[in-house]
Asks: 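Sharing a structure, written as C-alpha cells. Questions coming.
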2 protein chains.
Amino acid sequence: MIPDKTVERLSLYRWLLEGRVEPGTVHLFSHQLASMACVTPAQVRRDLMAIGYTGSPNKGYRVKDLSKSIGRVIDGDEPAQVALVGMGNLGRAIVSFLRGRRSALKVVATFDSDATKAGRMISGCMCYPQGKIEEVIEEKRISVAILTVPAEAAQKVADRVVEAGVRGILNYAPVPLRVPEWVFLENRDVTAALEKVAYFARQSAEGKSR
Amino acid sequence: MIPDKTVERLSLYRWLLEGRVEPGTVHLFSHQLASMACVTPAQVRRDLMAIGYTGSPNKGYRVKDLSKSIGRVIDGDEPAQVALVGMGNLGRAIVSFLRGRRSALKVVATFDSDATKAGRMISGCMCYPQGKIEEVIEEKRISVAILTVPAEAAQKVADRVVEAGVRGILNYAPVPLRVPEWVFLENRDVTAALEKVAYFARQSAEGKSR
DNA sequence: TGGTAGTTGTGAAAACAGTAACAGCGTTAC
DNA sequence: GTAACGCTGTTACTGTTTTCACAACTACCA
C-alpha cells in the first residue's frame, strides 16, 4: 500500500510532467523533478520506488513513461465517478474548478437541498435533489463524494453516501465525521487550516524579532 | 514548538468547546472531547499537554478555561490580519465562508487582477487592485495570505506578498510554491486531494471484493 | 580500453506522530 | 478512616515518513 503523502506527491509529479516540462524533453533527472515540485531529490526517488517505476542512471526518467506509470497506479483501470453534495458558493467553485482540469476524475452528479436547484445544470453539472442521493449514487456507481454542506448536515449526508456505496469522502464541512473504517476520509476544514497558518506565521515573526 | 497536526486539532477542540457541548456543561473528560473530535482520548491528552493546560483527575477539563487556553496559544495576543488574493469563484466562497464564522482571524483585504472589481466591497470585504498588494499589506500589517489565483499567477503573487511582509500562506492554487524557509506554507490543492481520496477509495473497494 | 562524472535504487538512520501503559491523585462509597 | 475507582499527565513504545549515504550502473571521454 502506497502511503498517503506519496500519493499526493505522485499526483503533483504527473501534473508537472504533463505540461510543465520544457517541450521536447524526453528524459528528466530526479533533481529536476524535485526542483519543480519543491521537494528533495531523495524524496522523488523514494516516491517512484513506491510505484515500482525505474529510471536509468545517467539518463533519468522518461517523461511519458513515468507519467503513464503514475496514472496506472493512481487512476487504476477505469476513472472514479465523483459526486458533490452541497451546491453553495464553495460547491459551485469546486465543480467549475474541476471541470477546467484534465483529470481522470469526473464529477458526474451534484446534489442540493434547495429544491429549486434540482433538475438543472449548474456549473456544467446536473444537480439532483438531495432525496435522490442513494438512487443516483448507486445507478452511476459513484465511489467518491465531496461534501460542501453546512456543518449541521454533514454527518447525515456522510451516512447516506456511505450507505449508498461511497468509499472515499473529501470533506469541506468544518466538522469531524464519523465513518466506517473502510471509508477513506480527508478533511479540508478551511478555518483549521487558516488558524494553523496564522499560528506558524506568528511563530516565525516572533522568532525573527527575537 | 507545537507540532503541525496538533495545532490543527487544537483548533478543532476549541470549536467543539465553543458551542458543541451540552449547554451548561462545566467539566469534560478527555474521552468525551475525543469522541466529539473523532480521535482517541490519549491523543487529546497529549495535545493538551503540548499547550501546558492541565485538568483535574476525576473532574476532567473546565470547558471555558480550556477554550481560553487554546485561544491564548493559537491566537496569541492580537488576532492576525489576513488577505486573500484572487476573487474568483473559490476566493469569494472562502471569504464569505470565513465571514460567517466567529474567529480571531479577519480577512481585512482582498485583491483581484480584474480592475473592474477594484474599490468595491465584494462578499463583504474591500477588494483592491493587484497593484496595491504591497501598499495595503504593509499598511494593514497583514501577516497571512490566502491564494486563490490561477496557477500561472501563483508564484509571482507569492513572491510579492512575502516581500511585503507576509509570514504564512494558505495556497489553493494547484502549483507548488517556492518561499523562503521562514514563511509557513500550506498547500490545499483540490485536485491532489481528490485523486488521493479516489485512490484510497479504490483500494478499499478492491480489498473488499478480494 | 580504462577512468571519471553523474545518476539511480535502496538499506540504515533519524525525525516525527500516534498508541499504550501506568503511576499518582482526587473523589466516592462504605 | 480507608479502600476502590476512574481520570489525568507522562513516559516508553510502535509505526510511519523523511533524510542520509553509498554501492552499482551507464555514458562519455581521452
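Heavy-atom basis, side chains included; hydrogens, waters and symmetry copies ignored. Letters go in sequence order (proteins before strands), and every chain restarts at 1.
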Asks: Start at the 5' end of DNA chain D and walk down; is the nucleotide closest to A42(A) or to D4(A) reached first?
Replies: D4(A)
Asks: Among the candidates dT27(C), dT8(D), dC25(D), find the nucleotide nearest to the side-chain atoms of P57(B).
Replies: dT8(D)
Asks: Could you tell me whether D75(A) and R14(A) make a salt bridge, using a distance below 4.0 angstrom between a side-chain N and a carboxylate O?
Replies: yes
Asks: Is S56(B) near enough to dG26(C) that one of its side-chain N or O atoms lies under 4.0 angstrom from OP1 or OP2?
Replies: no
Asks: Does the side chain of R9(B) get closer than 4.0 angstrom to OP1 or OP2 of dG18(C) through an N or O atom?
Replies: yes
Asks: Just checking S30(A): base, sugar-phosphate only, or nothing, at a heavy-atom cut-off of under 4.0 Å?
Replies: sugar-phosphate
Asks: Between D189(A) and Y172(A), do the side chains contain an N or O donor and an N or O acceptor separated by less than 3.5 Å?
Replies: no
Asks: Respond yes when some side-chain nitrogen or oxygen of Q43(A) is under 4.0 Å from OP1 or OP2 of dT19(D), and no when none is.
Replies: yes
Asks: Tell me: CE of M1(A) to C1' of dG15(D), nearest whole Å?
Replies: 16 Å
Asks: Separation of I51(B) atom CD1 from dG9(D) atom P, in whole Å?
Replies: 10 Å
Asks: Side-chain donor-acceptor pair under 3.5 Å between R167(B) and S143(B), yes or no?
Replies: no
Asks: Expressed in angstrom and rounded to an integer, what is the separation of M49(B) atom CE from dT8(D) atom P?
Replies: 14 Å
Asks: What is the distance from NZ of K5(A) to C1' of dG18(C), rounded to the nearest Å?
Replies: 13 Å
Asks: Could you state the atom-to-atom distance from CG of L66(A) to P of dT7(C) in whole Å?
Replies: 17 Å
Asks: Look at the side chain of R46(B) against the base of dT11(D) and say whether a donor-acceptor pair falls under 3.5 Å; ignore hydrogens and angles.
Replies: yes
Asks: Under 30°, 30 to 60°, or over 60°: which ring-plane class applies to F200(B) and F184(A), parallel, tilted or perpendicular?
Replies: parallel
Asks: What is the separation between atom CZ on F29(A) and atom C1' on dG9(C), rounded to the nearest whole Å?
Replies: 15 Å
Asks: Provide, to the nearest angstrom, the distance between the CG atom belonging to L48(A) and the C1' atom belonging to dG9(C).
Replies: 11 Å
Asks: Do any side-chain nitrogens or oxygens of T40(A) fall under 4.0 Å of OP1 or OP2 in dT19(D)?
Replies: yes
Asks: Starting from P on dT26(D), measure out to OH on Y61(A) and report it in whole angstrom.
Replies: 15 Å
Asks: Determine the contact category for P3(B): base if any of its heavy atoms lies under 4.0 Å from a base atom, sugar-phosphate if only primed atoms, P, OP1 or OP2 are that close, otherwise nothing.
Replies: sugar-phosphate
Asks: Please determine whether a side-chain nitrogen of the Lys or Arg among R188(A) and E186(A) lies less than 4.0 Å from a carboxylate oxygen of the Asp or Glu.
Replies: yes
Asks: Starting at the 5' end of DNA chain C and moving along, which residue's nearest nucleotide shows up first, R45(B) or G55(A)?
Replies: G55(A)
Asks: Between the base of dT7(C) and the side chain of N58(A), is there a donor and acceptor pair under 3.5 angstrom?
Replies: no
